[in-house]
Every structure is written in structure tokens, then in C-alpha cells.
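Below, chains carry the letters A, B, ... as their sequence lines are ordered, and counting in each starts from 1. Source: prediction; values computed, not measured.
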There are 2 protein chains.
Amino acid sequence: MLTIGKLGEAAGVKVPTIRYYEQIGLLPEPDRSAGNQRLYGQSALDRLAFIRHARELGFPLEAIRDLLSLTDNPGQSCAAADVIAKKQLAAVKARIVRLTALEAELKRMITQCAQGTVADCRVIEVLSDHSHCAQDHRTSEAAE
Amino acid sequence: MLTIGKLGEAAGVKVPTIRYYEQIGLLPEPDRSAGNQRLYGQSALDRLAFIRHARELGFPLEAIRDLLSLTDNPGQSCAAADVIAKKQLAAVKARIVRLTALEAELKRMITQCAQGTVADCRVIEVLSDHSHCAQDHRTSEAAE
DNA sequence: TCTTGAAGCTATAGCTACTAGAGACCTTAG
DNA sequence: CTAAGGTCTCTAGTAGCTATAGCTTCAAGA
């Protein structure tokens with residue numbers, strides 16, 4: 001049996017995060033020791049590793065909740081899991097496109113900065129006026 | 001003079017967002033009409049456009065606060081602006097790297113999904129065990 | 001056995017950058 | 001003059017945690 005600290009270490013998740021996941025119902029309430037401390041078994045570790053991994057892949061917690069409900073009834077079709085993953089892939093692709101445009105714009109800004117005074121700084125100037133931009137980045141990362 | 005609605009329209013920023021920016025001190029408190037409604041001039045529009053553009057480029061509000069304080073004293077060196085922009089560029093680059101790894105992993109997961117039942121669905125399996133991953137994406141987008 | 005320090009407990013508040021709602025007030029066109 | 005739509009303040013909510021306070025429990029060394 002693992003304490004919450006050991007579980008967190010094993011799964012690579014911080015202790016308060018585990019308690020948070022329990023609170024929002026992603027992890028079941030574990031058994032407690034005589035002194036009221038949480039005790040976890042292998043299944044909790046597996047489940048937490050699953051959650052962590054999905055978070056690393058950028059899945060929002062609600063999608064993870066759905067994925068977990070799939071694993072909880074493993075007899076049914078995995079088409080639902082496939083749909084979630086495809087949706088996530090589309091989102092990731094879109095973000096890459098937008099970020100790449102931002103990268104180009106920032107590079108351009110920086111290379112044009114003459115290192116003089118703020119009054120004639122390209123960085124400030126570009127930020128002041130969108131017409132200085134090479135591309136349209138109006139549907140941006142920040143606007144998500 | 002512009003009302004808050006007209007200002008928002010002109011700058012492409014929603015009305016509650018303008019009030020929020022005022023609240024956190026990014027925008028100065030404007031004059032008011034006899035009926036206590038906010039009235040803005042050209043300088044507020046310029047400042048708001050600057051903020052919006054910087055947000056589109058992914059700058060966090062704190063960085064924008066710093067950039068705005070630079071524009072408020074335009075005589076000094078623009079090295080600080082350069083530093084802020086370079087920091088932002090580095091952050092954007094790092095996100096692209098991570099997202100590209102995520103993209104590859106999601107593609108791999110999806111192509112391997114046998115479209116059978118959850119029990120042999122690779123989507124679930126890959127998410128359950130990090131050792132299935134082609135790359136290490138442990139320093140991920142989600143972990144930011 | 002006692003003690004000390006780490007780890008655990010609950011509960012609450014905070015973070016970013018907004019967004020949404022309630023209920024009242026102002027402005028303007030017809 | 002009235003009705004519609006814009007604006008006002010205030011509060012609370014969103015995601016996904018993180019941090020703090022003040023307490024209790026546990027494990028190891030003297």
C-alpha cells in the first residue's frame with residue numbers, strides 16, 4: 001500500500017494534485033489508515049498514471065473523464081476514444097500553425113530592433129500597429 | 001469621445017475585458033459622462049490596441065504591463081523591450097517543440113487503434129503506459 | 001520510550017485572463 | 001414619452017491546479 005506521497009512520486013504527480021483529482025471525482029476515494037491517511041493500491045497508481053499521461057498529451061480533464069469511463073467498461077467499442085484522440089490531434093495541429101506564425105512575427109520584431117531608445121523601438125512599434133505585421137495572426141494562441 | 005462599447009468595437013476587445021483591464025491597472029480610469037458612463041479618447045484607443053496586439057502575440061499581461069511602462073518613458077533604452085520579446089519568443093519556441101512531439105504521439109495512437117473494443121484499443125493503452133511513447137514528452141504543454 | 005522532523009490532514013484562498021449574470025441606471029431614436 | 005439597447009457595479013464562475021495555515025500522524029534515532 002502506498003501513502004499519497006509515495007503514490008505521487010511513483011506517478012509523477014504532486015500530492016495536492018492527487019487530492020484535487022479525488023475532489024473532482026477523477027480518482028475514487030481511497031481506503032484510510034487508522035490515523036485517517038489515504039492508502040492506495042496498484043489500481044490507483046495505474047489510474048493516476050493514465051491521467052497524468054493524458055494531461056501530458058494535452059487532453060483536458062473532461063476528456064480524460066470520458067476516457068476513464070471507457071476503461072471502466074472495457075467491453076464497448078473504442079470508437080469514442082478514437083474520436084477524442086482525433087479531436088485532440090486537430091487542436092494540437094491548429095495550435096502549432098498559430099504558434100509558428102507567432103514565432104515568425106516575434107523573430108522579425110526582434111531582428112529589426114535597433115537597440116536604440118524606446119521611441120524608435122521596433123518591438124513597441126510593431127505592437128502598437130497591426131499593419132506592421134507580416135501575417136495575420138488575429139486568431140491567436142492567446143485568444144483561445 | 002467614445003463610449004466603452006464603441007471603444008471595444010474599435011479595438012476589437014470586449015466590453016467586460018476593458019473594465020477588467022481598468023480594474024487591474026492596465027488602463028487608466030477614464031473621464032465619465034454626467035450619467036457616470038466611461039468616455040475614452042484617442043490615447044485610450046491606442047493603448048488598448050497595443051494591449052490587444054501584444055495579447056495576440058501571446059504576451060502575458062504582466063509583460064504587457066512592463067512594455068506599457070516603457071512606452072510611458074520613451075526616452076530610455078529599448079533593451080528591456082528586447083528582453084521581453086526574446087523571452088516570449090523562447091516560450092513560443094518551447095511550446096512548438098512540445099506540441100510537435102504531442103502531434104506525433106497522437107498520430108501514432110490513432111493509426112494503431114484497431115477500431116475494436118476498448119480492451120485492445122491502443123489509444124487507451126498508450127495513455128496508460130508511458131513506455132509506449134515514441135518520444136519523451138514529459139515536459140509537456142499541459143504541465144506548464 | 002521519548003522526541004523530533006517529515007509527511008499527512010482539512011479548509012480556504014489565490015493564480016491567469018477573462019466571462020457571465022443580476023438588477024439597476026442612462027441614452028437615444030421614433 | 002416610451003421602449004430598446006447600452007452601461008453601471010458587484011459577485012461568482014471557468015480550468016487546473018498551487019499555496020497557506022494550523023493541526024495530527026508516522027517513522028526513525030537516542
Answer yes or no: is there a side-chain heavy-atom contact under 4.5 Å between A:Gln37 and A:Ile4? no
Using a strict heavy-atom distance below 4.0 Å, which residues from residues 17-34 of chain A are in contact with DNA chain C? A:Arg19, A:Arg32
Would you give the length of the straight line joining atom CG of A:Leu2 to atom OH of A:Tyr40, rounded to the nearest 0.5 angstrom? 10.0 Å
Identify, with sequence neighbours excluded, every residue that meets side-chain contact (heavy atoms from CB on, under 4.5 Å) alongside B:Gln88. A:Leu106, B:Phe59, B:Pro60, B:Val92
Taking only N and O in the side chain of A:Lys14, is any of them less than 4.0 Å away from OP1 or OP2 of D:dC17? no
Residue list, salt bridge (Lys or Arg N to Asp or Glu O under 4.0 Å) with B:Lys107, at least two apart or on another chain: B:Glu103
If you round to the nearest 0.5 Å, how far is CZ of A:Arg47 from CD1 of A:Ile64? 11.0 Å
Given atom CZ of A:Arg52 and atom C1' of D:dG16, what is their separation to the nearest angstrom? 16 Å
Could you state the atom-to-atom distance from CG of B:Leu61 to P of C:dT19 in whole Å? 11 Å
Test side chain to side chain contact (heavy atoms under 4.5 Å, CB included) applied to A:Ile51 and A:Leu68, step by step: CA-CA 8 Å; A:Ile51 296 169; A:Leu68 281 170; 3.9 Å; yes
Considering only D:dT7, C:dG8, D:dC17, which nucleotide approaches the side chain of B:Val15 most closely? D:dT7
Within residues 36-47 of chain B, the residues having a heavy atom closer than 4.0 Å to DNA chain D are B:Asn36, B:Gln37, B:Arg38
Rounded to the nearest 0.5 Å, how far does CG of A:Leu7 lie from CD of A:Gln42? 10.0 Å
Report the C-alpha separation of A:Ile96 and B:Thr100 in whole Å, then their side-chain angles, then the decisive distance to 0.1 Å, and conclude whether the side chain to side chain contact (heavy atoms under 4.5 Å, CB included) test is met. CA-CA 7 Å; A:Ile96 290 172; B:Thr100 305; 4.0 Å; yes
Once you round it to whole Å, what is the distance between C1' of D:dG6 and CE of B:Met1? 18 Å
C:dG8 phosphate, OP1 or OP2, under 4.0 Å from A:Thr3 side-chain N/O: yes
To the nearest 0.5 Å, what is the distance between CZ on A:Arg108 and CD on A:Glu105? 4.5 Å
Distance, rounded to the nearest Å, where A:Ile4 contributes CD1 and D:dT18 contributes P: 13 Å
Would you list the atom pairs, donor with acceptor, under 3.5 Å between side chains in residues 15-31 of chain A and any protein atom, with sequence neighbours excluded?
unit_1: A:Glu22; atom_1: OE1; unit_2: A:Arg38; atom_2: NE; d: 2.8

Taking only residues at least two apart or on different chains, which pairs with a member in residues 58-70 of chain B satisfy side chain to side chain donor-acceptor pair (under 3.5 Å)? B:Glu62-B:Arg65
Bending between helix ends of the helix from C:dT1-D:dA30 to C:dG30-D:dC1 [5 pairs per end, 10° resolution]: 10°
